[in-house]
Amino acid sequence: MGKNKRNKQQQQQQHKNAQQPTAAGPTASSSSTNNAEAAKGNRIPSLNNKKRKALNLVIQAILDVVEMQPANANEEWKQYVELQPLLERLIEQEKPLQLAACPAEDAANANEQKRLAKVAAFNEWARAGGVQTDCVEITTFPGYQLGLRVTRDLAEGELVLTVPRQLIFSEELLPEAQRKLFIDFPTHLNVTYMLIIEKVRGAASNWQPFIDTLPTRYNTVLYFTVEQMQRLRGTSACSAAVRHCRVIARIYASMYKCAYMQPDDSVMAGMANLFTEYGLCYELYRWAVSTVTTRQNLVPRQLATDSDVVRYSGFEMNPMSEKGVRNSPMSALIPFWDMANHRCGKITSYYKPSAQQMECIAQEAFKAGEQFFIYYGDRCNADRLVHHGFLDMNNLKDYVHIRLGLSPTDALAEQRALLLSELNIERKAELRVLPAPEHISGELLAFVRVFNMSKEQLEHWCSDLERAVDLLHIDCALETDLETRTWQYLYQRLKLLLGVLDATLKEADEQQQLEALQQQPAPSEIDIMVLQYRLLERRILGDALQYAQERLKV
Ligand SMILES: C[S@@+](CC[C@H](N)C(=O)[O-])C[C@H]1O[C@@H](n2cnc3c(N)ncnc32)[C@H](O)[C@@H]1O
């Protein structure tokens, strides 16, 4: 079947589905019955023609901005600065929808004490649903919002918590027709879609006790002001941050367009009923996206049972390009377990297909009264900042990305690209500067070496491609002139990056601003995080610069 035809059929099916109850809670049958009235009833206000037209204009303006692919970091920044006031206008004009989806009591629920008040009902719901633990409980921890407290001494390796499959919140809760419709969507979008539906259904949703304990706001970059983002300028995280904002704005505006301005066959049309049936607004969308990016993890689909124990890979945050292939793991929220905060260590959470449950064991010994931590998995702090809204100040797996590329005017570019492809390195690549003691990743070193090779040196290495892997190693035997050029290049490049950081905010000012903030009674967590991130990135780059300088002296 042609793609368009299939899409049309899917769309027709979709519109039919929109008339039907669409979501199912832990006990699916009961929650699906009241769906339509909960979503469509009194709670979703309809906008009059004038307001709708005004909103359409804002959406069109957003689309006009985000449709342009920025060519460089400056254009990316300009686009971000243009986009933000439009999003603010959008939020303002959608206020009636926002108040319906996130009622005023949510605003009061913003701090952790208010969330904590919902925990008793959540515990009851979780226990009734089959969550088992006799050694951790949910409470508040300064700097972490909610977390898990250990109630008795725990030994390393002890089973702490199990969450049965029926309490795992994922796209598998969608009715089958709709699930099939979204099979090509990235899995994290589907769980976001589900979350919006269940949130809007409010008391009609069997997931309400879980949704009530979720934060009402996040520190992800979708919540940054332009001034806060401005302070991130000059860092390697800035580009990823503004790109994320652009992608989310584009998805939202494209879905809106399919719902109200120009229904079409695009993949986005499948999600248009979030607007028409559930009153989606941008505020609700960024909340749902951030809930998913800060809490999601991957679990196997029901059908994938190849191995008994599937290693859970931590809070995987950035699968934006991942396609929801049926056998690939899917994005899910795991109530109760997702209250565990992160500390460096090892992954000790697993989905066990034979028991149909998520199991979490202690990564180390804990004393009664301490906070229970799990390890979310290897992520650099730039990713954590963008998608999780926090930093790991002791991140052993941190790195700073630098972008390098072969010049199209370089007469030897093809030969260099051939040699690089042998090492699985693209001609334009983001490569890693690492914390001490490594400093320079093998791929970065190899790229710079290849980049600096003379014609003869390239011919020599291309004549025996099997040896190319040697270029990844620090002690690879190279001619002295090439080694010198390599370290000179790295030295200059690192100096330049530190210069860019200094041009936006000097190190002394970062320190001073951070200290001043930390003395305030209720400082902005985002402001602190941005300054801390700058210092972390500066330290990695500065240490690597010093290392490059030492190598030059060797
Ligand atoms: C899966 S949730 C954990 C529960 C969360 N603290 C809550 O109140 O719902 C992940 C979020 O917890 C916070 N978090 C987790 N580990 C943290 C850490 N080491 N430092 C600061 N915040 C952390 C971040 O806001 C992160 O996005």
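When a ligand or atom number is given, it counts from 1 through the structure's own listing order.
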- [ ] Of the side chain and backbone of Tyr144, name the one, both, or neither that has a heavy atom under 4.0 Å from an atom of ligand 1.
- [x] both
- [ ] Considering the heavy atoms of Ala340, write down every atom of ligand 1 situated less than 4.0 Å from one of them.
- [x] 3 (C)
TODO: Could you check which of His387, Gln371, His388 puts a non-hydrogen atom nearest to atom 25 (O) of ligand 1?
DONE: His388
TODO: Would you please determine whether Arg115 falls within less than 4.0 Å of ligand 1 on a heavy-atom basis?
DONE: yes
Open item on the list: Quick check against the 3.5 Å criterion: does Asn297 have a side-chain atom that pairs as donor or acceptor with the backbone of Arg295?
Closed with: yes
- [ ] Kindly confirm or rule out an N or O of His342 lying under 3.5 angstrom from an N or O of ligand 1.
- [x] yes
Task: Element-labelled atoms of ligand 1 that are located less than 4.0 Å from some non-hydrogen atom of Gly143 - done: 21 (C), 22 (N)
Open item on the list: Which option wins on minimum heavy-atom distance to atom 21 (C) of ligand 1: Phe390, Tyr218, Trp337?
Closed with: Phe390
- [ ] With heavy atoms under 4.0 Å as the rule, classify the contact between Phe373 and ligand 1 as side chain, backbone, both or neither.
- [x] neither
Task: Any Phe141 heavy atom less than 4.0 Å from ligand 1 - done: no
- [ ] State the SG-CZ distance between Cys238 and Arg243, to the nearest 0.5 angstrom.
- [x] 10.0 Å
Task: Under 3.5 Å: donor-acceptor pair, side chain of Gln228, backbone of Val530 - done: no
Open item on the list: Under a 4.0 Å threshold between the charged nitrogen and the carboxylate oxygen, would Arg343 count as salt-bridged to Glu364?
Closed with: yes
Open item on the list: Keeping Arg301 on the side-chain end and Ser328 on the backbone end, is there a donor-acceptor pair under 3.5 Å?
Closed with: yes
- [ ] With rounding to the nearest 0.5 Å, note down the distance linking NE2 in His244 to CG in Leu385.
- [x] 11.0 Å
Task: Close approach, Asp338 and ligand 1, non-hydrogen under 4.0 angstrom - done: yes
Open item on the list: Any salt bridge linking Asp134 with Arg152? Criterion: basic side-chain nitrogen under 4.0 Å from a carboxylate oxygen.
Closed with: yes
